[in-house]
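Lettering follows sequence order; numbering is per chain, from 1. Computed from a prediction, not measured in an experiment: that's the story for all the values here.
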Amino acid sequence: MAKVLTSKEENYAQWYNDLVLKSGLAENSAVRGCMVIKPYGYAIWEKMKEELDRMFKATGHENAYFPLFIPKSFFSKEAEHVEGFAKECAVVTHYRLKTDEVNGGLMVDPDAKLEEELIVRPTSETIIWSTYKNWVQSYRDLPILINQWANVVRWEMRTRLFLRTTEFLWQEGHTAHATQKEAEDETMQMVNIYADFSERFLGIPVLVGSKTESEKFAGAVETLTIEALMQDGKALQGGTSHFLGQNFAKAFDVKFTNREGKLDHVWATSWGMTTRMIGALIMAHSDNHGLVLPPRVAPIQVVIVPIYRGNDELPPISEVANKIKDQLTTLGVSVKFDDRDTQKPGWKFAEYELKGVPVRLAIGPRDIQNGTVELARRDTLEKKVMPQEGIASYIKNLLEEIQEGIYRKAFDFRSDSTHRVDTWDELVDVLNNKGGFALAHWDGTRESEDKIKETKATIRCILLDAEQEEGKCIVSGKPSKQRVVIAKAY
RNA sequence: CGGGGUAUAGCGCAGUCCGGUUAGCGCACCUGCUUUGGGAGCAGGGGGUCGGGAGUUCGAAUCUCUCUACCCCGACCA
């Protein structure tokens with residue numbers, strides 16, 4: 001096979017980039033740091049969206065939409081929030097262009113300067129909480145359980161396709177509650193939804209934990225996260241779910257009368273997952289032949305490739321192919337019959353491998369004679385000849401098996417890449433030589449955390465379900481009750 | 001924002017040091033024939049303001065100045 005991808009072993013970052021481009025998921029655009037998501041990549045996003053949306057609605061959330069622009073003054077209301085986002089905001093200062101009489105072309109009309117600049121949202125807490133203020137007077141108005149599908153802009157220094165782009169797509173949930181407990185439960189519920197989605201749908205095992213003080217969301221009391229492990233041993237933060245306490249309610253003066261007739265500030269959460277998860281999906285499962293997509297997110301689950309010479313051989317093949325396609329469609333499987341005569345079979349095999357289609361069927365004259373098809377699995381690259389009879393239900397089951405197999409493989413990789421370390425030297429050894437997650441005792445101080453950061457790794461999270469054990473901080477030697485997860489990350 | 005690099009056909013590159021025919025090569029594209037069970041072969045063909053601007057020169061992809069864009073490495077981040 002012609003080599004179109006740089007191998008993972010040769011250069012992992014290059015492999016990733018090649019893969020995104022060659023498989024047709026996305027490409028860089030004319031705009032710095034912004035990508036074009038191509039149809040195949042967008043189809044994956046639509047699948048993810050569809051499933052997440054279903055999960056949100058099943059837990060009582062509704063979709064709404066808030067403005068792209070946020071008045072600058074809104075940002076200054078929550079101190080930590082400003083601090084966190086001010087450095088990466090795109091700002092609208094004018095509302096009109098005019099012809100440049102001197103240099104030709106267009107120029108910003110200096111007479112069209114805005115009274116107050118508008119920020120292109122990097123996240124919507126501020127505009128949403130300024131709105132919620134008008135929606136809440138009584139505990140009867142609570143909870144508010146809203147999600148929005150949107151694009152946001154963060155002016156990052158360096159960008160990478162899907163992993164970090166200036167503009168990205170995401171969903172952001174913003175809920176308001178009458179009690180602390182209810183908001184905390186919501187925060188927990190949503191991080192668990194992300195974990196479930198990631199594992200069951202994307203086939204990516206995740207650790208669920210809380211962020212340290214220094215790593216949490218700007219303006220949050222607590223940030224819960226899901227952390228996944230990529231094949232190069234680096235961690236990637238998936239979704240995050242924030243317990244915002246009463247911070248935003250206080251900043252935007254959102255008060256309500258509770259059951260006891262007393263005035264109180266509303267309790268808040270926010271949670272989000274982004275197109276970055278497509279990057280995680282790619283890096284978690286794919287190989288040197290291309291993407292490996294779990295069946296549940298694959299836009300095409302089965303592709304049928306006819307093999308024929310001359311137009312006489314095609315009709316009987318098409319007949320069988322269409323029959324199998326219909327059977328699969330009835331079972332809810334998405335199928336593409338690629339009968340283009342502009343590409344050869346070998347070309348198509350390579351192409352669908354690159355695109356990560358889970359199951360490929362090849363049907364040629366031999367199969368017509370014998371009543372068979374050739375079935376190839378993308379995840380294991382196994383091929384075998386199967387009878388046409390009963391192939392649809394076989395594939396239906398096989399897709400489940402593949403979904404499970406992909407998850408299992410990622411899970412085993414993570415297990416093999418998770419190391420308990422008890423000394424500083426062991427930590428450095430894991431980070432520099434082995435990669436993956438290091439589980440280590442930490443004394444909970446900022447000083448020790450900063451020391452860990454000098455290795456270029458960070459504390460990814462404090463596991464929610466970690467076992468309690470006596471230990472000593474690998475930095476300070478001070479006592480610690482449980483281990484935290486340390487890794488280099490994207 | 002610091003350090004390094006790049007800009008020549010849709011993509012990837014050579015040519016630039018040392019100025020001089022009509023700016024090449026691979027892939028892709030188009031036409032024809034032969035092919036089709038793992039990215040086909042042969043023949044023919046199309047496609048370029050050499051990133052923009054200014055300068056030096058008889059002559060600039062090549063030298064000088066300038067602007068712009070992008071990439072890589074760091075600090076920031078989902």
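- For the pair A:Lys488 NZ and B:G74 P, the computed distance is 10 Å after rounding to whole Å.
- Comparing A:Gly84 and A:Ala376 by the nucleotide of RNA chain B whose heavy atom lies nearest to each, the residue mapping closer to the 5' end is A:Ala376.
- The side chain of A:Ile307 has B:U36 as its nearest neighbour among B:G38, B:U36, B:C77.
- Across the C1' atoms, B:U49 and B:G4 are found 30 Å apart, a figure rounded to whole Å.
- A donor N or O paired with an acceptor N or O is not found under 3.5 Å between the base of B:G39 and the side-chain atoms of A:Gln343.
- Stacking of A:Lys211 on the aromatic ring of A:Phe217 is not recorded, the 6.0 Å distance cut-off and the 45° axial limit not both being met.
- The distance from atom CH2 of A:Trp347 to atom P of B:G41 is 15 Å, rounded to the nearest whole Å.
- Separation of the P atoms belonging to B:U62 and B:A7 is 12 Å when rounded to the nearest angstrom.
- Taking the six-membered ring where the residue is Trp, the centroids of A:His174 and A:Phe248 are separated by 6.0 Å or more.
- Contact check on A:Glu222 versus A:Lys216 returns no salt bridge, with no Lys/Arg side-chain nitrogen under 4.0 Å from an Asp/Glu carboxylate oxygen.
- Candidate nucleotides B:G37, B:G38, B:G39 were compared by shortest atom distance to the side chain of A:Lys383, and B:G38 ranks first.
- In this structure, A:Phe197 has its ring center at least 6.0 angstrom away from the ring center of A:Phe56.
- The same atom, P, is picked in B:G51 and in B:A23; the two are 15 Å apart, to the nearest Å.
- Side chains of A:Gln171 and A:Met48 form no contact here, defined as non-hydrogen atoms less than 4.5 Å apart.
- Annotation: B:G45 and B:U56 have their P atoms spaced 42 Å apart (nearest Å).
- Consecutive Watson-Crick or G-U pairing (both distances under 3.5 Å) extending over three or more pairs maps onto RNA chain B as B:1-7 with B:68-74, B:10-13 with B:24-27, B:29-34 with B:40-45, B:51-55 with B:63-67.
- Taking atom C1' on both B:C25 and B:U8, the two are 12 Å apart, rounded to the nearest angstrom.
- Not less than 6.0 angstrom separates the ring centroid of A:Trp129 from the ring centroid of A:His81.
- Positionally, the nearest nucleotide of RNA chain B for A:Leu381 lies more toward the 5' end than for the other of A:Trp170 and A:Leu381.
- Judged as a side chain to side chain donor-acceptor pair (under 3.5 Å), and not counting sequence neighbours, the contacts of A:Asp450 are A:Arg446.
- Counting to the nearest Å, the P atom of B:A75 and the CG atom of A:Asp450 are 14 Å from each other.
- Taking atom NZ of residue A:Lys453 and atom P of nucleotide B:A75, one finds them 11 Å apart after rounding to whole Å.
- Taking atom C1' in both B:A14 and B:C42, one finds a spacing of 27 Å when rounded to whole Å.
- For A:Arg164 against B:C77, a side-chain N or O and a base N or O form a donor-acceptor pair under 3.5 Å.
- Taken from CD in A:Gln148 to CD in A:Glu172, the straight-line distance is 4.5 Å, to the nearest 0.5 Å.
- Across B:U57 and B:G10, the matching P atoms stand 34 Å from one another, rounded to whole Å.
- Between A:Ile278 atom CD1 and A:Trp45 atom CH2 the span is 6.5 Å, to the nearest 0.5 Å.
- No hydrogens or angles considered: nothing links the side chains of A:Asn11 and A:Thr6 as a donor-acceptor pair under 3.5 Å.
- A:Arg309 contributes no side-chain N or O that forms a donor-acceptor pair with the base of B:G37 under 3.5 Å.
- When the P atom of B:C77 is taken as reference, atom NZ of A:Lys216 falls 14 Å away, rounded to whole Å.
- Residues from residues 233-240 of chain A placing a heavy atom under 4.0 Å of any atom in RNA chain B, listed by number, are A:Gln237, A:Gly238.
- The separation of B:G47 from B:A9, taken at their C1' atoms, amounts to 6 Å, rounded to a whole angstrom.
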